Protein chains: 2
Amino acid sequence: MSQSPHNGTPAYRRIQKAILERIDAGQLKPGDAVGSERELARLHGVSLMTARHALVVLEQDGRVERRRGAGTFVAPPKIHFNKLTSFSEQMASRGLVGYSKVLSASMVSDQAEISARLALPSDGRLWKIERLRLGADEPFALETVYLSAQDFPGLARSRLERGSLFSLLEGEYGMTLAHADEEIDATTADAKAAHLLAVAPGAALLRIRQLIFSGGGKATLYVLGLYRSDRHTLHIRRFR
Amino acid sequence: MSQSPHNGTPAYRRIQKAILERIDAGQLKPGDAVGSERELARLHGVSLMTARHALVVLEQDGRVERRRGAGTFVAPPKIHFNKLTSFSEQMASRGLVGYSKVLSASMVSDQAEISARLALPSDGRLWKIERLRLGADEPFALETVYLSAQDFPGLARSRLERGSLFSLLEGEYGMTLAHADEEIDATTADAKAAHLLAVAPGAALLRIRQLIFSGGGKATLYVLGLYRSDRHTLHIRRFR
DNA sequence: AAGTGGTCTAGACCACGGC
DNA sequence: CCGTGGTCTAGACCACTTC
């Protein structure tokens, strides 16, 4: 016999799915054993190597912990360090509703440096969208996002007020966001930023310049963010 | 027959070593094929699954790229994002020599919050070491590091002037540093910081609070760093 | 069409953990 | 001791890329 009934999904994926569903349903809690390789192999009618593969990949994804001689256990939920999430997603994960105020949305063609970063001609036309981010009715960030006007036609202002730009791009333009390279430093609030963010001029702001890449490795979005330091701390994890 | 001559190192490690040596020696350059699974299996006298395992792990480490139908190729050297490196290592990687000036080194026992973060009693005795970091004879960072006085006896001031604290801990105390959780925000320079860093009072500084964990998952080091924003930009990469 | 990686089998022995 | 994960074999078919 060759392998299992070929419905398209590999057997090891089905095993992973079964385990993840039990975790998400609360049937398996952190620390619980997910079943040994041999047990899963019997249960799903696959060979040991296949059951093993399912667990190995789950471990790489941080969902289970494998301890030699002991077993495989549900990993404690991880804090999402170094994750690229939209503003809306961040607020939602804290149980808050955030919203944005679009300050301006226009087309520009004089941003040579940003065009270059997005691998566009230096006089390429870009959408420039300025948004004020608010949480608990208090402003805490000023974000200016640039993206190719040609690749995203009809990006109207009205669609940005509510809902996330990420989900708009991922949903309607079939874009998949993959990763972002960020440059982070500190600056002080000028008069305009101070006014919009409701802080004193000269107050410390966290400045983050993001270059966001899509699935194919294409630089898609450039975001300049200024964050009120008293309302925003960036958490990251670094590995040796 | 059981598996290969059991000298202690698994076969797949030996295969990886052989490949990595050819890369480091310059015999294989980025983009070059490292040999197919079948080829490596023949060459090293192992089964296909074993040769495959060697390549799979090398891919996870970012050393090779695997493309179905095409082959396995040497990956282009990666920029080290999100890597925990010591100041000395950072400077060395840029071809610069940095050095530190130890401003103070003392024992304190009134840092309840930091003690808590290091999982020590709230009146635990801590080393507190203040260092000014200089590169190209210009100050650019002020770092205060806290660590358990009990776990690191005899950490004398003289040993910190030259050489890295990391290599001291890893070498002489047998500590392995694993990862750091960092909180990053912005602040402004007070009189003391401004003077030491040679900036105007009120200048924007990047503030990084690091909690550095050792191999066993034990919080070992707490570092408060203030970085001149005009001389320091933090680069990170985030994934979706 | 030939070669590559992706998935899978049905076993095996070893090293380690907990009882 | 027994069960666990870690390594390994000698094959197989499939999906994909390249020519």
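Here the structure is a predicted model, which means the values were calculated and not measured. Every chain is numbered from 1, with letters handed out A, B, ... down the list of sequences.
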Give every donor-acceptor pair under 3.5 Å between a side-chain atom in residues 59-71 of chain B and any protein atom, sequence neighbours left out.
residue, atom, partner, partner atom, Å
B/Glu59, OE2, B/Arg66, N, 3.2
B/Gln60, OE1, A/Gln60, NE2, 3.4
B/Gln60, NE2, A/Gln60, OE1, 3.4
B/Arg66, NH1, B/Thr72, OG1, 3.3
B/Arg66, NH2, B/Glu37, OE2, 2.7

Take the protein atom [atom1] of [X] and the nucleotide atom [atom2] of [N], then report the distance between them rounded to whole Å.
X	N	atom1	atom2	result
B/Arg52	D/dA12	CZ	C1'	14 Å
A/Leu55	C/dC8	CG	P	13 Å
B/Phe73	D/dT18	CZ	C1'	10 Å
A/Arg13	D/dA15	CZ	P	16 Å
A/Leu40	C/dC8	CG	C1'	16 Å
A/His44	C/dT9	NE2	C1'	17 Å
A/Arg66	C/dG17	CZ	P	15 Å
A/His53	C/dA10	NE2	P	18 Å

Problem set entry | Phosphate-side-chain proximity, B/Tyr12 and D/dC8, N/O vs OP1/OP2 below 4.0 Å |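 Answer is no, no contact under 4.0 Å.
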
Problem set entry | Any A/Ser47 side-chain nitrogen or oxygen under 4.0 Å from OP1 or OP2 of C/dG11 |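 No, because none of the side-chain N or O atoms of A/Ser47 sits under 4.0 Å from OP1 or OP2 of C/dG11.
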
Please tabulate the protein-to-nucleotide N/O contacts below 3.5 Å involving nucleotides 1-4 of chain C, giving atom names and distances.
residue, atom, partner, partner atom, Å
C/dG3, N2, B/Gly69, O, 3.0
C/dT4, O2, B/Gly69, N, 3.4

Exercise. Sequence neighbours excluded, which residues qualify as ring-ring contact (aromatic ring centres under 6.0 Å, His included) partners of B/His44?
Worked result: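 B/His44 satisfies ring-ring contact (aromatic ring centres under 6.0 Å, His included) with no residue once adjacent residues are dropped.
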
For this session: For A/Arg133, check salt bridge (Lys or Arg N to Asp or Glu O under 4.0 Å) against everything at least two apart and list the hits.
Result: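 Checked A/Arg133 against salt bridge (Lys or Arg N to Asp or Glu O under 4.0 Å); matches are A/Glu143.
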
For this session: Tell me, please, which residues at least two apart from A/Arg209 pass salt bridge (Lys or Arg N to Asp or Glu O under 4.0 Å).
Result: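 For A/Arg209 the salt bridge (Lys or Arg N to Asp or Glu O under 4.0 Å) partners, ignoring immediate neighbours, are A/Asp185.
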
Exercise. Any idea which of C/dC8, D/dG11, C/dG11 is nearest the A/Ala11 side chain?
Worked result: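 The listed nucleotide nearest to A/Ala11's side chain is C/dC8.
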
Exercise. If you check every side-chain atom of A/Met49, which of C/dT7, D/dG5, D/dC8 has the closest atom?
Worked result: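 Selected nucleotide (nearest to the side chain): D/dC8.
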
All N/O donor-acceptor pairs, side-chain side in residues 111-124 of chain A, below 3.5 Å, sequence neighbours left out:
residue, atom, partner, partner atom, Å
A/Ser115, OG, A/Gln111, O, 3.0
A/Arg117, NH1, A/Glu183, OE2, 3.1

Exercise. B/Tyr173 vs B/Phe152 aromatic rings, parallel, tilted or perpendicular, using cut-offs 30° and 60°?
Worked result: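 Plane angle over 60°, so perpendicular.
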
For this session: List the atom of B/Ser86, the atom of A/Arg240, and the distance in Å for their closest heavy-atom pair.
Result: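 Heavy-atom minimum between the residues: N-NH1, 4.4 Å.
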
